[in-house]
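Labels below follow one simple rule: chain letters A, B, ... track the order of the sequence lines, proteins then strands, and each chain is numbered from 1. Here the structure is a predicted model, which means the values were calculated and not measured.
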Amino acid sequence: MNNFEFKKIRSIINLQEKLQPKTYLDNLAESGWLDMYLDNYSKERFTNDKEYKERVFESMYNYSPEVNEDVEIYFLEQLCESMSYFIEYTKECRKQKLYDPK
Amino acid sequence: MQETKAIRPEIKGLFDTIKQQAALYTESFDMLESHRESYMQLVKEINELADGFTLKINHEIFNLKQKYDSITKILTIETNKTLEKYSELNDLKNLQASYESALTNINLLIANVEKNALTLKRDRDEFSREISYFKNKVNEEIEQIANYNHELLKELVAVEFAKKDAENLSKVKLLESRILKLEQSLWNNNDLVNRDLNKIYKDMDIFKSVLSTMSKADNSNYTRQIDIIFDNLSKLELASASINNQLYMLQNKINKEVSVFDQRNTLDTSSQTITAFFGKDYEQEYKKLTNRLIALENLCSGLSTKNTTLIITAYSSIAIALLSILLAFVL
């Protein structure tokens, strides 16, 4: 993927975010009842459905009124995962840099 | 989009720094990508160039190989030629060395020959002197020996000539006596034959007269027998004539041989003395003469035997004729 394509995809995602309507999960996260909802009504789905889990944490990230450690851990895990992927991805480059004669 | 409150600001700062670094990384990756692309392009160009160069180099290598092969062949040919020339030069060098050694040898030989020529000249003078001295001496010696031998030869020739003359005279006398004897025997035989023939003729005349008296009887058988007898008589006459003829021829031959012998005896005295001295020709001639005399003797003896047989047959035929006449009278 070149730079132009990457920017185009990025703008499309931004547009999608702007056009996205407010869901019930967003409302629950804004009111501070989402944790309780998940524990009582959709715990199994939360643990098994990965997409659902992403949507839940997305809502928490956007509409939560206070600091939530689970969201932090989740995004940090995501970050760790991305970083590890990045590290793995750039491993060859770093190796080559190590063998650079300069 | 509003600021989130679910995450603490430290973590947000962390995310921001990561975001900035990600942006930087993106830029650097973009740059890297562009560099990679340019690098790939460069590599591609380089590869194309390398392919071109490879093709060109292969072509050049092939040309070089061909040139190398041709040059190698030329070099091998030239090397062989130079080796041949080198070997020829070596041979020439060896030949030159041998010629030089031969030249030195020839020079040495010339010096030796000059020395030897001088010595030979000296020796030749001495030898000519010695030869002249020896020649004179030898001539003197030869003259002396020749004189001595001449006298000795003269004496020997005289002695031998006398001996051979005596022998020849004795042999001639013997031959003459033999020839006389043979002539006498021949003439005796001839006389005997003539006498017998005369007797037969006389008898035949008597017989003819008797027959004429008996002509009255005129018997055919008698006349036939008488004819046969006359035929036999005529044959006898012919035989006696041939014998006489042979005797005459024999006499002629003997006379010829005697004349030849006399001629041989009256040859040049010098040649006779030489043959008498060396002995070969004379002996051969003597042998020839003796052989001829022996042949004449044999011929005479053969003629005498022939004469006797003819006489015997003549007598026997006459006796048979008389017996037949007598028997005719008796019957």
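The closest donor-acceptor contact from the side chain of N149(B) to the backbone of I145(B) lies under 3.5 Å.
If you measure heavy-atom distances from I7(B) to chain A, the contacts under 4.5 Å come from both the backbone and the side chain. Looking at S82(A), neither its backbone nor its side chain comes within 4.5 Å of chain B, counting heavy atoms on both sides. In this structure, the portion of F86(A) lying under 4.5 Å from any heavy atom of chain B is its side chain and not its backbone.
Heavy-atom pairs under 4.5 Å with chain A were tallied for T26(B), L14(B), I18(B); the largest tally goes to I18(B).
For the pair E33(B) and R36(B), the salt-bridge criterion is met [side-chain N within less than 4.0 Å of a carboxylate O]. Between E5(A) and K8(A) there is no salt bridge, since none of the side-chain N atoms of the basic residue sits less than 4.0 Å from a carboxylate O of the acidic one.
Side-chain rings of F46(A) and Y41(A) stay apart, their centers remaining 6.0 Å or farther from each other.
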